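The figures here come from the full heavy-atom set of this structure, side chains too, leaving out hydrogens, waters and symmetry mates. These figures come from a predicted structure and were not determined experimentally. We count ligands from 1, going down the list as the structure has it; atoms in each ligand are counted the same way.
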Amino acid sequence: MGEETSLIPKCEGMTPLEQALSSPNFPYYEHLRALLCSYLPPKAVEAIDRTFFVADFAHKEQKRASGEPYIIHPIAVATIIAQMHLDTESVQAALLHDVVEDTQINSKMLEEEFGSTVNEIVEGVTKLDKLRFHDYKEAQMENFRKMILAMTKDIRVILIKLADRTHNMRTLGALRPDKRVRIAKETLDVFVPIANRLGISDTRAELEELCMAAIYPMRYRILKAAVTRARNNRKEVVSNILEAIKARLKEANIEATVTGREKRLYSIYMKMVHKELQFREIMDRYGFRIILKDVDTCYRVLGQMHNLFKPRPNGFKDYIAIPKLNGYQSLHTSLVGPHAVPIEIQIRTELMDQMAARGVAAHWAYKESGSKTVSTASQKNAQDWIKNLIDLQQSAGSSMEFVEDVKTDLFPDSIFVFTPDGMIYNLPKGSTPVDFAYAIHSDIGNHCIGARVNHRVFPLSRHLESGQSVEIITSQGASPNAIWLSTVVTSKARSAIRQYLKGLRTQECMLIGRRLLQNTLRSVRIESLTEEQINSILENFGKQSLNDLFCDIAMGNILTVAVAKFLDPNSHKHHELPVKGTGGMPFTYAQCCLPIPGDDIIAHIAQGRGIVIHNVNCKNLRLSDRGPGKTLNVSWNKNVTANMEFKTGLLIELENRQGIVSEISNAIDIAGSRIESINSDQKDEKSFIINLVVTVRDRLHLAGVIRRIKSVPNIISITRRR
Ligand code: MN
């Protein structure tokens, strides 16, 4: 289509760099480009030039809250990604991350232009953006974070989301103060723990500090000034200890990088808040880091340090042998320095140091391997890393929980869905609303008649997806359906349904079958059938006993009419019909007005559809449909209708709130009615219209049902559907 080509200009005859240079926003891109050239091959930079051109073109009408051109934001996000030395596709996706959400370009166009990987990463980021983070309870946060990870097939989605959040936090100043605080709290609750979980401590630390500055601007300023002062006073002590360490390593002929370690403002603050230590005590601890070539040297250096300064009892931790949950590896030791100064030293390899800063992101770093499948190799690296961690944890005998944790976090074969009140359930992939209903409680599964997902009616057989909010509609009269067995995936649902069906065969089945047959036989009582009659029925239908026959009737294998006909081939002729005046001709009830006994009715002779019974006032029966030859005057035959049930339609307008649908369905049960079908539509922001079909005996019964429903709070109106 011509329209699409104008959204992504082809620019034939121009090199990608020329395209990029043609943009007035190129100066914003220049710095990122230099960074890319420092670690990516020219071909990759070329691909990113083109990506910049397209992203810039797409956002050209937009401005940031600060008034600057919008493209500054994607460029900044891509820069954070490039600082982690992530691969080409990550940088491309970072540049494009807001394109699908905010511009005319859709994901099909992205896939055609940049390939499926870039498109999938962008799609993932867009999907995460749609989740609302701030309105879930504290207790659910951990599950919520897991859900975000489970929704993410590609960890690069999270890395870009974190970079996106980092830049938004850096530029919070352009927003209203209340908005600043809300975003900062959300960041602290959701994104900081995720960064921590994935071991990306550089990002975590930056986010924490930005959050603190936004939430507690005063405390932040005061603490920052105090830390700067304290550091200046302690410079000399630090350099003395540093020299002592370096000298010792030189003596031992060990090549190492030694640095003094600055404490992060936020972690100082948290220690003070939790009263673990006072400001003075925190600042009086001196931290150092020694980076080495290999693991063996780490332990040798540990020995050297314990020899140089006196180690504190219980002050040693070996996170190399037993890494932290997020993969962090290092040796930590606490020592007593000159003049009894507390010293903390971290000892690790270069690789471990990179991992400590970038965590899982380190695995998507571009590597010059000469192979085309850099990202596949990285993916494998990440998996190996995790597998490695699992092995380590297991051999160290520590918690199985960790193994499960990492599995669900990073290799999602499960989904996370919400109940309407925000509880999160973890289900296997492919689960349906029925699985969800049984996961909550087997009673809910057994009485489930429908589901609403994100406030819309949702088929019971369709697969759920992570992030959806699922409401199960139950009815006390309802029971499990054998068809569910073909769609459920959880063993809990499967065995509960089987259990029910097994019980059904023996007990209720017989009762239901008997009742169905009695209804058809009408005046002929089953109890008064002669033994001869019974035997001939059983023989004819190939059954051992009446109970067997009833079961088959209930299961729908044998039709009751067939049994009735067998007993009395002329029976249907004497049959009285529920409506008098149709001259014995078959008829149906109109679906528009669904008449019930007590209503004034009229029979319409519809062409090709035979006789249809309408409510006299039915709007669908126009004047031209009425009159002699087109309608018959009919009435209810109370003798027959007394034992029957009829469907009728109700429209309920209500204010939406938690659980209202199940309260309505309860009210209907209590009134002795059944829900045949249910549909709902949003009317406006606050109210919904529910379209119900229920079964009743007559108008009197219906009045009772309506009274019951009205007793449910927040019902605005109930009307009969006509
Ligand atoms: Mn963004």
Side-chain angles (χ1 to χ4, degrees), residues 7 23 25 28-29 31-32 35-36 48 51-84 86 89-107 109-110 114 117-134 148-149 151-152 154-176 179-180 182-192 194-195 198 200 202-204 206-207 210-211 214 361 364 467:
L7 290 173
S23 159
N25 290 327
Y28 296 116
Y29 171 61
H31 172 75
L32 167 61
L35 177 58
L36 296 171
I48 296 169
T51 313
F52 158 72
F53 175 75
V54 171
D56 180 53
F57 190 84
H59 287 297
K60 67 175 185 283
E61 309 293 348
Q62 281 174 274
K63 294 251 182 288
R64 292 275 288 169
S66 60
E68 296 165 299
Y70 193 84
I71 192 67
I72 287 183
H73 167 65
I75 290 174
V77 174
T79 304
I80 296 172
I81 292 295
Q83 279 159 348
M84 297 189 210
L86 297 201
E89 285 154 337
S90 308
V91 180
Q92 286 181 293
L95 282 169
L96 296 165
H97 79 272
D98 278 332
V99 155
V100 175
E101 186 68 5
D102 296 347
T103 78
Q104 301 289 310
I105 292 178
N106 63 33
S107 87
M109 302 175 201
L110 280 193
F114 300 108
T117 308
V118 171
N119 178 47
E120 272 161 27
I121 301 174
V122 173
E123 265 188 338
V125 178
T126 309
K127 211 161 118 196
L128 277 191
D129 280 340
K130 291 208 171 111
L131 283 176
R132 281 170 307 118
F133 297 112
H134 46 273
I148 290 176
L149 293 170
M151 277 175 72
T152 310
D154 190 321
I155 288 293
R156 287 174 288 185
V157 169
I158 301 272
L159 301 177
I160 291 172
K161 186 68 217 166
L162 287 170
D164 177 48
R165 187 48 71 119
T166 306
H167 183 244
N168 286 336
M169 286 299 301
R170 284 179 193 165
T171 52
L172 264 192
L175 301 178
R176 281 203 324 263
K179 226 177 159 189
R180 270 181 238 167
R182 185 183 66 71
I183 294 178
K185 282 199 170 135
E186 181 185 295
T187 305
L188 215 47
D189 281 345
V190 178
F191 293 101
V192 166
I194 287 177
L198 297 177
I200 314 165
D202 278 358
T203 302
R204 191 207 68 213
E206 182 177 355
L207 285 177
L210 290 166
C211 288
W364 268 271

Pair H59-D98, side chain to side chain donor-acceptor pair (under 3.5 Å): steps then yes or no | CA-CA 9 Å; H59 287 297; D98 278 332; 5.6 Å; no
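- Ring pair Y29/F52 is parallel by interplanar angle, where below 30° counts as parallel and above 60° as perpendicular.
- Within the protein, the N, O or S atoms sitting under 2.8 Å from the Mn ion (ligand 1) are H73 NE2, H97 NE2, D98 OD2, D164 OD1.
- Not counting sequence neighbours, the partners of A82 by the side chain to side chain contact (heavy atoms under 4.5 Å, CB included) test are L32, L35, L36, Y39.
- The shortest heavy-atom contact between A214 and L172 is CB-CD1, 3.7 Å.
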Apply salt bridge (Lys or Arg N to Asp or Glu O under 4.0 Å) to E123 and K127, showing your working.
-> CA-CA 6 Å; E123 265 188 338; K127 211 161 118 196; over 6 Å; no
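- Taken to the nearest 0.5 Å, the CD1 atom of I80 stands 12.5 Å off from the CZ atom of R165.
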